[in-house]
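Computed over heavy atoms, backbone and side chain alike; hydrogens, waters and symmetry mates excluded. Computed from a prediction, not measured in an experiment: that's the story for all the values here. Quick note on labels: first sequence line is chain A, next is B, and so on, each numbered from 1.
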Amino acid sequence: MQLIACPWCGPREELEFSYGGQAHVAYPADPAGLTDEQWARYVFFRDNPKGPFAERWAHSAGCRRWFTAVRDTRTHQFVSVGPLAGSEATP
Amino acid sequence: MTTAHATPPGAALPEHPDALWRDAEPQRSYDVVIVGGGGHGLATAHYLAKLGITDVAVVEKGWLAGGNMARNTTLIRSNYLWDESAGIYEHALRLWEGLEEDLGYPILFSQRGVLNLAHTEQDVRDSVRRVEANKLNGIDAEWLDPDEVAKVCPIVNVSADIRYPVQGATFQPRAGIAKHDYVAWGFARRASDAGIDIIQDCEVTGFVTDGDRVTGVRTTRGDIGCGTVALCAAGHTSVLLDMLGVPAPLQSHPLQALVSELLEPVHPTIVMSNAVHVYVSQAHKGELVMGAGVDSYNGYAQRGAFHIIERQMAAAVELFPVFARAHLLRSWAGVVDVTPDASPIVGRTPYDNVFLNCGWGTGGFKATPGIGWAFADTVAHGRPHPLIAPFGLDRFVTGALVDEHGAAAVAH
């Protein structure tokens, strides 16, 4: 099983963690001004790269805190982990 | 008594059999270029040929049917809840029922039925509702109580003292399994005989565009001109769409499956359980074929995490105590493209001559002949066939989702 380095708890087994998908998806600044097309992009569309991907993870069975990781989707290996960056809300 | 052998047993190899299709070289251009030589791409080629369109290439980055077509668990059923899904999957099932004859090739299609187990009160209500919806759509469906479940599949543990007792099941007798490799080979052989080029080891690296048309496909074996492009790339669709600058709500996940060692026939049907989360059938050779949901994270590595398998084996052994001593032979994973509503995305793209077929997620194999037929018709006539019209990319803007995620017998 892969070990994931929680920024607060250190390396723990993968099954302690929950996946939160793409990181840095900001809530629309002007929700009332969005078109249907723009809402669709915000609600349903996420990047799906074959390569490094900035993602949200939660250490659900540990400290229960969210963090951001860059992981390579070609190998599933974590490139880096860090605390939540940016000012947006957790996923 | 010993017998003298001129050569040791097994050393005399048989003649290499004839290839079933031509391993074609790319030509300068084609009327239609199908990207992806898996089940859907090959089926699309076959049905295009039946429509008289044979200036067609199927380009495949690896070898023929070596992706998800080689990795799926071969379950075929049409017991989906919504009318849109029932339409395409039941059309596929009807084609499966005549496919061996159509292809002139054995596919070992065995209609042994599928049980979708219910373990909770809500499961029971949803299942009975789905049975009624299936009947209204002309799909064979029955609701069975636990005793009837045990009659159909005696090895299912229907006792009340397990963690999630079986409360009953839906049953679709016409569901079944087929030999996935034979299906791909049968389609490839027919398409190739009709004059369609199947080009392996030919990875698409880009597209040549002219305004809102794609005029050529860039590949590792040179540029290929095209009249129409048909994308059938499953888990790698996002990679292609990124080249075209077309966003789509797809997430590629590992989906694992596994087989046991070869066993005597013990399992007469297919059993699926979404609540306990495993599905099992027994292949013709005797392996128990098992799978469950996707690994949670995005991944293109064609492998998944061990704890996912561990959980599904725990579920399998609880439902089938007789499996407890079976040995796992091997496990593997494919890359499946999952959509927000667990329904496929098929139809137009912002490019006039590029058609999209993706998003089948964990259940694309069962649709193979149905989508091949409908997608070929779509490409031939330059508009979505009515059976796939509800599955356009625009549904995420209009809100007309086909939400099979929680609704139907979809294992996720």
Greatest number of heavy atom pairs closer than 4.5 Å to chain A - which of Asp337(B), Thr398(B), Thr339(B), Val397(B):
Val397(B)

Using a cut-off of under 4.5 Å for heavy-atom pairs, which of Leu15(A), Asp36(A), Asn48(A) has the most such pairs with chain B?
Asn48(A)

Identify the heavy atoms of Tyr19(A) and Ser296(B) that sit nearest to each other, and give their distance.
CD2-O, 3.1 Å

Counting heavy-atom pairs under 4.5 Å to chain B, which of Glu55(A), Arg41(A), Gln2(A) comes out on top?
Arg41(A)

Above 12 or not: heavy atoms from other molecules or residues under 6.0 Å from CZ of Phe44(A)?
yes

Let me know if Arg46(A) has heavy atoms under 4.5 Å from chain B in its side chain, its backbone, both or neither.
both

Part of Phe306(B) within contact of chain A (heavy atom distance under 4.5 Å):
neither

Less than 4.5 Å to any heavy atom of chain A: does that hold for the side chain of Arg311(B), its backbone, both, or neither?
side chain

Distance check, rounded to the nearest 0.5 Å: Arg303(B) atom CZ versus Thr75(A) atom OG1?
7.0 Å

Contact leader toward chain A among Pro247(B), Ser238(B), Pro340(B), where contacts are heavy-atom pairs under 4.5 Å:
Pro247(B)

When Glu13(A), Arg74(A), Lys50(A) are compared by non-hydrogen pairs under 4.5 Å with chain B, the top option:
Lys50(A)

Option that, when pairs with chain B are counted at under 4.5 Å, heavy atom only, ranks first among Thr35(A), Asp47(A), Val43(A):
Asp47(A)

In Å, rounded to the nearest 0.5 Å, how long is the span from CG of Asn298(B) to CZ of Arg71(A)?
6.5 Å

Can you tell which part of Phe53(A) gets under 4.5 Å to a heavy atom of chain B, answering side chain, backbone, both or neither?
side chain

Should the heavy atoms of other residues, nucleotides or ligands under 6.0 Å from CH2 of Trp63(B) be counted, would the total exceed 12?
no

